[in-house]
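To keep things clear, I will list the structure first and then write my remarks on it.
Start at 1 with the first residue, then count along the sequence.
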Amino acid sequence: MQPPLKVALLINFKVMETKMRGADIVIRSLIAEQAELIFGYPGGAIMPVYDALYDYEGQIKHVLTRHEQGAVHAAQGYARISGKVGVCLATSGPGATNLITGLADAQIDSTPLVCITGQVAAHLLGTDAFQETDMMGISMPATKWNYQVRRAADIAPAIAKGFFIARSGRPGAVLIDITKNAQVELAAFNYQPCQEFRSYKTHHPVSDTAILQAAALLNEAARPYLLFGQGVILGKAEAELKSFLDKSGIPAASTLLGSGALSQEHPNYVGKLGMHGNYAPNLLTNQCDVLVAVGMRFDDRVTGDLSRYAKQAKVIHLELDPSEINKNVEANVAVLGNCKESLAKLTEAIASKKHESWMAKFRALEQQENEAVVQHDLMPTKVGLTMGEAIHHINRYKADDAVLVTDVGQHQMIAWRYFNYKKTRTQVTSGGLGTMGFALPAALGAQLHDYSRQVICVVGDGGIQMTIQELGTIMQTKAPVKIVLLNNNYLGMVRQWQQMFFDKRYSFTELDNPNFIMLAEAYGIKAKKVSDRADLAEAVEDMFIHDGPFFLEVVVEKEDNVFPMIATGCSVEEVRLN
């Protein structure tokens with residue numbers, strides 16, 4: 001009986017040899033998921049994970065941001081450009097709660113994100129221990145999935161499940177909270193990627209019946225109109241969208257986050273939707289007879305007053321997320337599934353057509369907008385510079401695949417209106433949540449994915465000061481981000497509303513700003529300030545020529561407004577040119 005006992009002891013010894021700290025399991029799990037970049041900020045409750053990171057240099061890269069909100073927005077920027085899952089680390093308590101804005105932003109904009117936070121030891125949970133916060137309760141409304149790990153053995157399965165949930169189906173934000181004892185305990189590491197689990201359905205087969213119903217409506221339509229959103233990009237359906245438009249001849253307009261899914265030079269492209277979108281795409285929504293929505297959710301900024309939105313039209317909705325079907329706009333035909341598949345099938349089913357007279361209506365209204373708005377923005381008669389001029393000059397020097405990252409406000413809408421999108425995944429902005437302070441760290445994350453690609457960060461003087469400390473991260477990483485500050489010394493969008501709807505009662509929207517040039521230079525970033533029209537083109541050229549990060553401050557008109565505009569509560573056909 002003695003030999004079998006010796007064998008058993010030897011086997012047990014080998015099992016013990018394969019065990020490792022939970023903190024090492026965290027890093028090994030991230031490497032197994034092919035995470036190449038982590039953004040984060042260390043602290044007490046996550047310190048074992050940071051200690052483990054020390055031993056994996058060369059296998060995974062960590063970027064130390066200057067604030068946890070900077071880390072999560074940087075992870076968003078990385079995810080939006082790369083198509084991969086963004087990853088960030090933070091400690092417990094205030095470190096973890098500082099991630100909430102980014103989690104909510106990522107969730108509403110369908111950005112795949114996994115945030116890992118440290119937590120106090122399991123035996124201290126519920127005792128109000130130092131830097132203990134109920135991250136499960138706080139993060140639940142802001143995430144697609146959250147989970148608290150209290151044992152080292154549960155770390156790898158939780159991370160595998162988190163990555164799968166973050167990137168599958170409609171992407172979203174995941175938070176995994178790991179207690180400190182789980183990080184220091186020993187457990188065996190045997191990573192198994194998650195590919196499915198009960199009750200979570202990621203794939204919906206496209207209904208051939210729905211395709212035929214949609215095709216029948218389109219084949220009979222005299223004034224069909226297509227709206228496309230970020231779902232086209234997330235579904236990698238850009239080629240399928242182009243093929244559908246080439247065959248159908250249908251005019252097409254983009255949402256904010258859908259920008260770049262179709263080149264603006266495509267003959268069917270008619271502009272941008274929404275509160276500050278283009279005149280024709282908004283106005284003619286209420287004149288089409290069939291409205292096709294692809295990978296978009298009928299956000300209120302697109303629809304205006306829902307009770308007066310496209311009531312004359314039959315609606316075809318191609319959408320991956322079942323919860324978006326009939327949520328805001330009732331569909332006559334709902335085609336559930338990835339639009340890469342549904343668009344391809346619909347293209348096969350429709351007749352080849354041209355809609356020249358219908359398209360001509362868009363072009364006529366486009367000319368009206370050019371005369372009333374665009375000429376003012378791009379070829380102004382005012383003494384002061386306009387925001388549109390700066391974007392116009394950026395277009396002259398940027399590469400076709402240059403990435404535009406914007407903050408939130410007037411500059412965001414102007415940059416979106418005038419930036420020339422030719423390639424997919426060239427637009428990074430905070431859409432659904434409208435997060436000021438988003439742009440600077442998001443641009444950093446986008447740039448760190450690819451140092452060779454142009455990343456242009458357009459910000460306002462209000463938003464940049466919410467995360468301006470991330471200039472320090474740009475300094476440390478030497479990320480060659482081109483930062484363009486459009487400075488009007490106001491919280492511009494709020495001021496515009498105060499001017500138009502509150503009798504010019506400018507309540508707490510004017511800003512006394514620092515010397516931004518000195519501030520940028522203090523971080524070792526080359527900087528230049530322009531307030532004269534004659535100097536703008538040369539300054540923009542200098543920015544693009546410079547090998548490294550560059551900070552360009554453009555002083556613009558203080559009380560310039562963004563038009564067209566659909567006021568809150570108005571119909572899309574009440575879009576204003578002034």
Side-chain angles (χ1 to χ4, degrees), residues 73 77 105 256-257 259 272 274-278 301 373-374 376-378 380 382 384-395 398 402-421 426-431 433-444 446 455-468 470-471 481-500 509-511 513 516 520 527-531 533 536 539-540 543 550-565:
H73 291 329
D105 194 288
L256 174 63
L257 295 186
S259 300
K272 302 172 177 70
M275 179 174 282
H276 290 290
N278 294 115
R301 285 291 172 108
V373 179
V374 177
H376 161 77
D377 287 343
L378 302 187
K382 289 186 176 181
L385 290 168
T386 68
M387 293 177 282
E389 286 180 90
I391 307 304
H392 174 65
H393 284 293
I394 286 171
N395 281 329
K398 76 175 184 67
V403 177
L404 172 68
V405 186
T406 54
D407 215 78
V408 173
Q410 285 183 316
H411 72 275
Q412 176 192 33
M413 294 293 99
I414 286 287
W416 174 50
R417 281 176 52 76
Y418 295 118
F419 191 83
N420 187 5
Y421 298 96
T426 53
Q427 158 83 324
V428 179
T429 196
S430 174
L433 199 63
T435 303
M436 291 178 69
F438 172 88
L440 194 61
L444 167 72
V455 175
I456 306 156
C457 175
V458 178
V459 289
D461 48 313
I464 193 173
Q465 293 186 79
M466 292 190 172
T467 52
I468 200 165
E470 298 310 327
L471 289 174
V481 179
K482 309 307 181 186
I483 304 160
V484 181
L485 168 63
L486 302 182
N487 186 359
N488 58 10
N489 290 103
Y490 267 112
L491 300 176
M493 188 61 82
V494 182
R495 185 213 55 75
Q496 178 171 338
W497 280 58
Q498 288 174 337
Q499 176 184 339
M500 296 177 66
T509 47
E510 189 166 9
L511 296 170
N513 287 319
F516 288 110
K528 195 168 189 177
K529 183 176 181 177
V530 174
S531 56
R533 183 165 289 114
L536 181 58
V540 172
M543 177 180 73
F550 195 101
F551 190 104
L552 176 61
E553 179 183 0
V554 183
V555 180
V556 298
E557 285 278 346
K558 292 191 68 172
E559 296 187 72
D560 222 4
N561 291 329
V562 184
F563 289 103
M565 180 178 182

So, the side chain of D407 versus the backbone of A439: is there a donor-acceptor pair under 3.5 Å, distance only? yes
Closest approach of Q412 and T406, non-hydrogen atoms and distance? CG-OG1, 3.6 Å
Measuring from L471:CG to I483:CD1, what's the distance to the nearest 0.5 Å? 5.0 Å
Would you give the length of the straight line joining atom CG of L536 to atom OG1 of T386, rounded to the nearest 0.5 angstrom? 9.0 Å
Hits for side-chain contact (heavy atoms from CB on, under 4.5 Å) against K529, two or more places apart or cross-chain, chain-then-number order -> I517, E553, V555
Identify the two heavy atoms, one from V455 and one from A443, that lie closest to each other, and give their separation to 0.1 Å. CG1-O, 3.7 Å
Looking at L491, is its backbone amide N or carbonyl O close enough to the side chain of T509 to form a donor-acceptor pair, meaning the two atoms are under 3.5 Å apart? no
Closest non-hydrogen contact found for P441 with T467 is CD-OG1, 3.5 Å
Is there side-chain contact between M543 and V484, with at least one heavy-atom pair below 4.5 Å? yes
E389 and Y418, any side-chain heavy atoms less than 4.5 Å apart: no
In this structure, CG of L486 is separated from CG of L385 (nearest 0.5 Å) by 10.0 Å
Step by step, work out the side chain to side chain contact (heavy atoms under 4.5 Å, CB included) result for F438 and L433. CA-CA 10 Å; F438 172 88; L433 199 63; over 6 Å; no
Rounded at 0.5 Å granularity, tell me how far CD1 in I414 sits from CE in M387. 4.5 Å
Between N487 (side chain) and D461 (backbone), is there a donor-acceptor pair under 3.5 Å? no
Look up atom CG in L256 and atom CH2 in W416, then write down how far apart they are to the nearest 0.5 Å. 5.5 Å
Are the side chain of H276 and the backbone of F563 linked by a donor-acceptor contact shorter than 3.5 Å? no
Heavy-atom pair with the smallest gap, counting every atom of G388 and L378: O-CD2, 3.2 Å
Ignoring hydrogens and angles, tell me if any N or O in the side chain of D105 forms a donor-acceptor pair with the backbone of S430 under 3.5 Å. no
Between the CG atom in N278 and the NZ atom in K272, the distance rounded to the nearest 0.5 Å is 5.5 Å
Could you check T435 against H73 for side chain to side chain contact (heavy atoms under 4.5 Å, CB included), going step by step and ending with a plain yes or no? CA-CA 10 Å; T435 303; H73 291 329; 3.7 Å; yes
Flag the pair V373 / R417 as yes when at least one side-chain heavy-atom distance between them is below 4.5 Å, and no otherwise. yes
Of all heavy-atom pairs linking K558 and N488, the shortest is CG-O, 3.7 Å
Who are the side-chain contact (heavy atoms from CB on, under 4.5 Å) partners of H376, not counting sequence neighbours? K382, D560
Quick one: does L257's side chain get under 4.5 Å of T429's, heavy atoms only? yes
Show, in sequence, the C-alpha distance, side-chain angles and deciding distance for Q496 and Q410, and conclude whether the side-chain hydrogen bond (donor to acceptor under 3.5 Å, both in side chains) test is met. CA-CA 9 Å; Q496 178 171 338; Q410 285 183 316; 2.9 Å; yes
Nearest heavy-atom contact between V562 and M413 is CG1-CB, 3.9 Å
Find out whether the Lys NZ or Arg CZ of K398 is both under 6.0 angstrom from the six-membered ring centre of F419 and within 45° of the ring's axis. yes
